[in-house]
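Right, one structure below, let's go through it.
The structure displayed is predicted, hence computed values, not measured ones.
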Amino acid sequence: MRLSISGLFFLMVSATVAQASPVQTAVPQPGGVLPRDAATTTATSPETTTAPTTTTNDFEFHLSLSLDLPSNTCTPTIAPDKYGWVPASECDALYLYYPSFGAAVAVALIFGILTMAHFIQATMYKAGFAWVILMGVSWETVAYATRAFSTRNQQNDTIVTVAQMFILLAPLWVNAFDYMVLARMIHFFVPERRIGMFKPSSLAKIFVCLDFVSFIIQMIGGFMATGTDQQQMNGIHLYMGGIGIQEFFIVCFLVLAVQFQRLMLKLERAGRLPVEKQNWRRLLYALYGSLLAITVRIIYRLVEFSAGYGDSNPIPYHEWYMYVFDGIPMALAIVVWNFAPPGAVLQGPDAKMPSSGIGKWLFCNGCICCGGCCCRSCRKPGKSKRDMQRLPDHDAYEEDVPLHNREPSPYRDTYSVRR
């Protein structure tokens, strides 16, 4: 039975009083006081604390207190093998199948090769914005390398969780790179340098920030999904909401991409595109292919989590689903940019797009909050230099003019006011 603190205190006092002054009548007493001849059964469990039995002339007092302590319900019945694997029916099973070490190593090598390829192309074409896709492909490499390590340590839930989190979150970097590429294409190919009301810098800022919001939601849901029972289900639902939001943003973005395509076709028919800017199709089709591959992966994850983990859903019990519908689509979403590198097309003066301010907002504001700044333009000496005024040409004096007859410097006045 469950007792509150006040009830427990009352029961102990009652038992003490009953022991000191036993009742002479055969009336059943509260608090576990039973007749001597009554049969008593004591259940022994880790959660039960049994007080000693006290015998008086007429009664036997038996006090049984349940503290309702948490107990470990996981009792493995099968010893793990040398890699820590146990059947899915066991409570300490982290994988619902026997994970393949060779498959994880092979996929990690593929993403590692793609990482090197993107790094070489970014260096060749001096495409600084390629750091975004480098983050995505390197996260995929770390994800499957960690997964390969976890197949040899299947009882280490930390390694398994890290691998799963990288697999779930790496596609968001590739998605953000797609947003940035279209913004740069609009700036480079469109004479007006805008699509409707969206300027390229604003377009990149809006969709990258929306992608970051989706990233946070999926990350929180992914961490919650590593819990147990209700927390795990809440995490799965939150993660599904995050990838649903991500797909909604992709659909909205595709509307702008189609509008860009229609505008480019109109410019071609009007003869307004120079010869060096007629290679826009290659980049746009690569963009479509990358977003399509990400969409396939999102649909797979929605189907996987929405069907639950019962016997009616075979996806969590077979490893090949993840490689076919997650690993391969993400490899395709990345490799299309190796065949159509944006840095090879977006060359020249028109390729330099004004900064969207995202990097400055993230890094400089964070540094200022920490008491400093890593950006030179945000430091105080830089600001004071911008306040300096250049002397006009007519303020130059000959050497024979005394100093006390010269006009004060505008910079000196500004400096005196500021001091």
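Between the Arg282 side chain and the Phe339 main chain, a donor and an acceptor come within less than 3.5 Å of each other. Within the 3.5 Å criterion, the main-chain N or O of Gly343 finds a donor-acceptor partner in the side chain of Gln347. Looking only at distances, no side-chain donor or acceptor of Ser290 sits under 3.5 Å from a matching main-chain atom of Ala286. Between the side chain of Gln246 and the backbone N or O of Ser214 there is no donor-acceptor pair closer than 3.5 Å. Side-chain atoms of Glu319 come within 3.5 Å of backbone N or O of Ser100 as a donor-acceptor pair. Judged purely by atom type and a 3.5 angstrom limit, Ser202 has no side-chain atom pairing as donor or acceptor with the backbone of Phe198. Checked by atom type and distance alone, the side chain of His187 pairs as donor or acceptor with a backbone atom of Lys352 at under 3.5 Å. Side chain of Ser150 to main chain of Ile159: no donor-acceptor pair is present (N/O by atom type, distance under 3.5 Å, no hydrogens or angles).
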Query - Derivation of the side-chain contact (heavy atoms from CB on, under 4.5 Å) call for Ile167 and Met322 - result: CA-CA 10 Å; Ile167 291 175; Met322 184 195 67; 4.2 Å; yes

Query raised in the report: For Val208 and Val132, what are the C-alpha separation, side-chain angles and deciding distance, and is it a side-chain contact (heavy atoms from CB on, under 4.5 Å)?
Result: CA-CA 11 Å; Val208 170; Val132 180; over 6 Å; no

Requested in this report: Could you please spell out the steps behind the side-chain contact (heavy atoms from CB on, under 4.5 Å) verdict for Glu304 and Phe325?
Outcome: CA-CA 10 Å; Glu304 176 192 16; Phe325 296 106; over 6 Å; no

Requested in this report: Give the intermediate values and the outcome of side-chain hydrogen bond (donor to acceptor under 3.5 Å, both in side chains) for residues Tyr95 and Thr151.
Outcome: CA-CA 9 Å; Tyr95 285 105; Thr151 61; over 6 Å; no

Report task. Begin from the C-alpha positions of Met224 and Tyr239 and carry the test side-chain contact (heavy atoms from CB on, under 4.5 Å) through to its verdict. Result -> CA-CA 9 Å; Met224 291 178 61; Tyr239 177 79; over 6 Å; no

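Contact record, Ile294 with Pro171: CD1-O, 4.5 Å, taken as the closest heavy-atom pair. Minimum interatomic distance between Gly327 and Tyr144 (heavy atoms only, all atoms of both residues): CA-OH, 3.5 Å. Among all heavy-atom pairs drawn from Pro87 and Ile78, the shortest one is CG-CD1, 3.8 Å. Taking each heavy atom of Pro191 and Leu267 in turn, the nearest pair found is CD-CD1, 3.5 Å. Closest non-hydrogen pair, Asn156 versus Leu94, comes out as C-CD1, 3.8 Å. Pairing each heavy atom of Ala331 with each of Leu114, the nearest pair is O-CD1, 4.1 Å.
Between Trp85 and Tyr98, the ring planes are tilted. Angles from 30° to 60° get that label.
Heavy atoms of other residues, nucleotides or ligands lying less than 6.0 angstrom from OH of Tyr323 number more than 12. When the shell of 6.0 Å around OH of Tyr288 is examined, it contains more than 12 heavy atoms from other residues, nucleotides or ligands.
The six-membered or imidazole ring of Tyr321 lies away from that of Tyr300, with a centre-to-centre distance of 6.0 Å or more.
Side-chain contact between Trp337 and Val181 is present, with at least one heavy-atom pair separated by less than 4.5 Å. Side-chain contact between Val86 and Gln155 is present, with heavy atoms from C-beta onward closer than 4.5 Å.
Annotation: the span from Arg272 atom CZ to Phe189 atom CZ amounts to 15.0 Å, rounded to 0.5 Å.
Checked options Phe212, Phe177, Phe253; the residue passing with Phe207 is Phe253 (criterion: ring pair (Phe, Tyr, Trp, His ring centres under 6.0 Å)).
By the 6.0 Å and 45° rule, Arg152 stacks over the aromatic ring of Phe101.
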